[in-house]
Protein chains: 2
Amino acid sequence: MAEKQQECCEVFQIHEEAVQEVLKHMPDENKLYDLAEVFKIFGDSTRIRILYVLFEAEVCVCDLAQLLNMKQSAISHQLKILKQAKLVKSRREGKSVFYSLADDHVRTIINQGMEHVEE
Amino acid sequence: MAEKQQECCEVFQIHEEAVQEVLKHMPDENKLYDLAEVFKIFGDSTRIRILYVLFEAEVCVCDLAQLLNMKQSAISHQLKILKQAKLVKSRREGKSVFYSLADDHVRTIINQGMEHVEE
DNA sequence: CTAACATATGAATGTTTGTTCATATGTCGA
DNA sequence: TCGACATATGAACAAACATTCATATGTTAG
């Protein structure tokens, strides 16, 4: 195998093919970046708590602020992030704006994560 | 309903019971915090890429650094985080340290997230 | 024991991110 | 139209984080 591309450690032969396999199966850079972005959104306890509330009911911003004991502004900012990520949707009714889950995918992902935590 | 606890907006009646239901079904604070912590770990593209490599093969630190085109130090730091979260495990063999997935839960969670991204 | 290699780790740095405050936008009743 | 209420948003600040550099630890061959 003369000079294959340079490796850092000297244990070529073991991984030579494994590395090729890896490169073949890796999704492309952008997709992996997007994936990380999605998880990043779930990676904040305020947003997780918001989503858990929305599991049970469609609620307005002020209800969320009170339930989670946080400033209305903080909740709004987080809802914006969740909405941009298409994880929640909103509906205006008079002065209030009601938020709910965009789809059940959210629930599935969170439940999966919860299973891991509960071990 | 006289004076139930004060609400921010005036639309009590609609949510009064919904709010009670929500509070009943919410996991406790600490569990939600832990859940967010788990997702936070998946919320970085370097770590995601590391995990994707480990989907295919058990590799050493220098292989990872080369595959991902990053400094060995950066990889080590991230591996430490992944290990503390029990998402990967390591095995020393001579001078090298080989990393692999701790269990298949990791794969499930990431696949679930990927499904969401791929829509 | 020493030199060379593989990995780990602490400190420093630049960036990202969540919350707050102040204020703007939007809605409705009077 | 005006005032009160609900929500949204920009700027500012602090905390959290990823990467880098320098260096320490651990391992093997000679």
Side-chain angles (χ1 to χ4, degrees), chain A residues 6-12 14-15 32-33 36-51 53-54 58-85 88-100, chain B residues 6-12 14-15 32-33 36-51 53-54 58-85 88-100:
Chain A
Q6 185 193 8
E7 293 274 337
C8 46
C9 59
E10 281 121 2
V11 231
F12 301 107
I14 304 178
H15 308 288
L32 293 178
Y33 187 81
E37 286 304 302
V38 170
F39 283 125
K40 197 174 292 179
I41 292 183
F42 290 105
D44 174 80
S45 62
T46 296
R47 288 190 290 267
I48 286 280
R49 291 194 302 156
I50 289 177
L51 292 172
V53 172
L54 300 187
E58 180 193 50
V59 296
C60 64
V61 180
C62 68
D63 280 345
L64 274 171
Q66 182 177 296
L67 269 166
L68 306 185
N69 198 32
M70 293 187 66
K71 297 279 162 67
Q72 171 265 321
S73 175
I75 299 294
S76 261
H77 278 298
Q78 298 307 333
L79 283 171
K80 185 178 190 177
I81 292 173
L82 290 170
K83 194 172 181 185
Q84 279 173 339
V88 306
K89 61 187 183 212
S90 65
R91 167 179 75 82
R92 179 174 276 278
E93 184 176 317
K95 281 179 277 187
S96 301
V97 175
F98 289 83
Y99 282 84
S100 56
Chain B
Q6 185 195 9
E7 293 276 338
C8 46
C9 59
E10 281 120 4
V11 229
F12 300 105
I14 304 178
H15 308 285
L32 293 178
Y33 187 80
E37 287 303 303
V38 170
F39 282 124
K40 197 175 294 181
I41 291 183
F42 290 106
D44 174 81
S45 63
T46 295
R47 288 191 290 267
I48 286 281
R49 291 194 301 156
I50 290 176
L51 293 172
V53 172
L54 300 187
E58 180 193 51
V59 295
C60 65
V61 180
C62 66
D63 281 343
L64 273 172
Q66 184 179 294
L67 269 166
L68 305 186
N69 199 32
M70 293 185 66
K71 295 279 160 68
Q72 169 266 321
S73 175
I75 300 293
S76 261
H77 278 297
Q78 297 306 332
L79 283 171
K80 185 177 190 179
I81 293 174
L82 290 169
K83 195 173 182 185
Q84 280 173 338
V88 306
K89 61 187 184 217
S90 65
R91 168 180 74 82
R92 180 173 275 276
E93 185 177 316
K95 282 180 275 188
S96 302
V97 176
F98 290 82
Y99 282 83
S100 56

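For clarity, every value in this text was computed on a predicted model and none was experimentally measured. The chains referred to below are lettered A, B, ... by the order of the sequence lines, with proteins before strands, and numbering in each begins at 1.
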Lys71(A) NZ to dC13(D) P, straight-line distance once rounded to whole Å: 17 Å

Using whole Å, report how far CD1 of Ile81(B) lies from P of dA16(D). 14 Å

Any idea which of dT20(C), dA8(C), dT7(D) is nearest the Val61(A) side chain? dT7(D)

Rounded to whole angstrom units, what separation is found between the CZ atom of Phe39(B) and the P atom of dG18(C)? 15 Å

Quick one: does Arg92(A)'s side chain have a donor or acceptor within less than 3.5 Å of a partner on Gly94(A)'s backbone? yes

Shortest side-chain distance from Val97(A), nucleotide among dG26(D), dT19(D), dA8(D): dA8(D)

Using whole Å, what does the distance between atom P of nucleotide dA6(D) and atom CG of Leu64(A) come to? 14 Å

What is the distance, rounded to the nearest whole Å, between atom OH of Tyr99(A) and atom P of dA8(D)? 4 Å

Under 4.0 Å: is that the gap between some side-chain N or O of Lys95(A) and OP1 or OP2 of dG26(C)? no

Measure from the side chain of Ala74(A), starting at C-beta and using heavy atoms only, and say which of dT19(D), dT19(C), dT7(D) lies closest. dT19(C)

Residue whose closest nucleotide on DNA chain C lies nearer the 5' end, Leu79(B) versus Lys40(A): Leu79(B)

Ignoring hydrogens and angles, are the base of dT7(C) and the side chain of His77(B) linked by a donor-acceptor pair under 3.5 Å? no

Side chain of Arg92(A): nearest nucleotide among dG26(C), dG18(C), dA22(C)? dG26(C)

Which nucleotide, dA8(D), dG26(D), dG10(C), lies nearest any side-chain atom of Ser73(B)? dG10(C)

Which one, dG10(C), dT7(D), dG18(C), comes nearest to the side chain of Arg47(A)? dG18(C)

Using a 4.0 Å heavy-atom cut-off, does Lys83(B) contact any base of the nucleic acid, only the sugar-phosphate backbone, or nothing at all? nothing

Of the candidate nucleotides dC28(C), dA18(D), dG10(C), which contains the atom at the shortest distance from the side chain of Lys80(B)? dG10(C)

So if I take every side-chain heavy atom of Gln72(B) and compare against dT7(C), dT9(D), dA22(D), which nucleotide ends up nearest? dT7(C)

